[in-house]
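Accompanying notes for the structure given below.
Note that the numbering runs from 1 along the sequence shown for the chain.
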Amino acid sequence: MEETDQAIVSALTADGRMSYTDLAEKVGLSVSAVHQRVRRLEQRGVITGYGARVDYNAIGLPLTAFVAIRPFDPAQPDDAPERLAHLSEIESCFSVAGEDFYILLVRVASPVDLERLLQEIRTSANVTTRTTVVLSTPFEQRAPASTWPTEPRPRPAPPEDSTRRGVTSFLMWPTSKKM
């Protein structure tokens, strides 16, 4: 990705409500050139949306936890994300390498609510859980690193079977979309 586009993405990651005028000043282009580049980044799928950052304490969800899940039977279908999609307390679901299959980011109001949610996760997806409660968050949702790969790296093909046995998955950035 071109250096100017990287600067645009970094600036919008830090402040998604930045005006085109402020963005143009920050990256050293005209307003119309920045508008055109942002539109192109959106069309290419580099920028996939804009959102608000929420203070979860202020909305009554002060407890954040990471929940690692693993099926009781490794031969069972790998459909945990679909089985858990109805649980609104799960903010994110990450497919991971290692002993666990997925790590869930959850937000709840209290330890009692976390305990209830863990039981729902176990029952809905037929999995075991291992939970880590977040004590504090020094930073999150940071802008991408200032030095990015210039050539996209291919994303590994998904496993052909649905059991995930013997499959090592890992995350790579950027996506394999044409840049």
May I have the step-by-step check of side-chain contact (heavy atoms from CB on, under 4.5 Å) for Gln76 and Asn126, ending in yes or no?
CA-CA 9 Å; Gln76 77 185 42; Asn126 196 31; 3.2 Å; yes

Once side chain to side chain donor-acceptor pair (under 3.5 Å) is applied, do any residues pair with [X], and if so which ones, sequence neighbours excluded?
X: Glu115; answer: none
X: Gln43; answer: none
X: Ser32; answer: Ser30
X: Thr137; answer: none

Phe101 and Ser95, any side-chain heavy atoms less than 4.5 Å apart
no

Dump the intermediate steps for side-chain contact (heavy atoms from CB on, under 4.5 Å) on Val46 and Asp5, then the final yes or no.
CA-CA 10 Å; Val46 175; Asp5 287 344; over 6 Å; no

Report whether [X] and [Y] are members of the same hydrophobic cluster (ILVMFWY, side-chain heavy atoms less than 4.5 Å apart, transitive linking).
X: Val127; Y: Leu87; result: yes
X: Val108; Y: Ile59; result: no
X: Met18; Y: Val9; result: yes

Show your reasoning for whether side-chain contact (heavy atoms from CB on, under 4.5 Å) applies to Leu114 and Val133.
CA-CA 10 Å; Leu114 178 60; Val133 173; 4.0 Å; yes

Going from [atom1] on [X] to [atom2] on [Y], what distance comes out if it is rounded to the nearest 0.5 angstrom?
X: Ser10; Y: Glu3; atom1: OG; atom2: CD; answer: 10.5 Å
X: Leu23; Y: Asp15; atom1: CG; atom2: CG; answer: 9.5 Å
X: Leu29; Y: Arg37; atom1: CG; atom2: CZ; answer: 5.5 Å
X: Ile103; Y: Thr131; atom1: CD1; atom2: OG1; answer: 11.0 Å
X: Ser19; Y: Lys26; atom1: OG; atom2: NZ; answer: 11.5 Å
X: Ile69; Y: Cys93; atom1: CD1; atom2: SG; answer: 6.0 Å

Return the set of residues passing side-chain contact (heavy atoms from CB on, under 4.5 Å) with [X] (not counting sequence neighbours), or none when no residue passes.
X: Pro62; value: Asn57
X: Ser88; value: none
X: Gln119; value: Arg122, Thr123

Which pairs, with at least one residue in residues 18-39 and sequence neighbours excluded, count as a ring-ring contact (aromatic ring centres under 6.0 Å, His included)?
Tyr20-His35

Listed once per pair and sorted, the ring-ring contact (aromatic ring centres under 6.0 Å, His included) pairs that draw on residues 54-86, sequence neighbours left out:
none

Considering non-hydrogen atoms only, spot the tightest contact between [X] and [Y] and give its length.
X: Leu63; Y: Ser110; answer: CD1-C, 3.7 Å
X: Ala109; Y: Asp113; answer: CB-OD2, 3.2 Å
X: Tyr50; Y: Gly16; answer: CD2-O, 3.7 Å
X: Leu105; Y: Arg107; answer: CD2-NH2, 4.2 Å

Starting from the C-alpha separation in whole Å, work towards a yes-or-no answer on side-chain contact (heavy atoms from CB on, under 4.5 Å) for Val67 and Leu118.
CA-CA 8 Å; Val67 180; Leu118 291 172; 3.7 Å; yes

Those residues that, when tested against Arg40, pass salt bridge (Lys or Arg N to Asp or Glu O under 4.0 Å) (two or more places apart):
none

Using the salt bridge (Lys or Arg N to Asp or Glu O under 4.0 Å) criterion, which residues pair with Glu120? Sequence neighbours excluded.
Arg116

Strictly by salt bridge (Lys or Arg N to Asp or Glu O under 4.0 Å), give each pair with a member in residues 52-71 just once, sequence neighbours left out.
Arg70-Glu99, Arg70-Asp100

Does Glu25, at its CD atom, have more than 12 non-hydrogen atoms belonging to other residues, nucleotides or ligands within less than 6.0 Å?
no

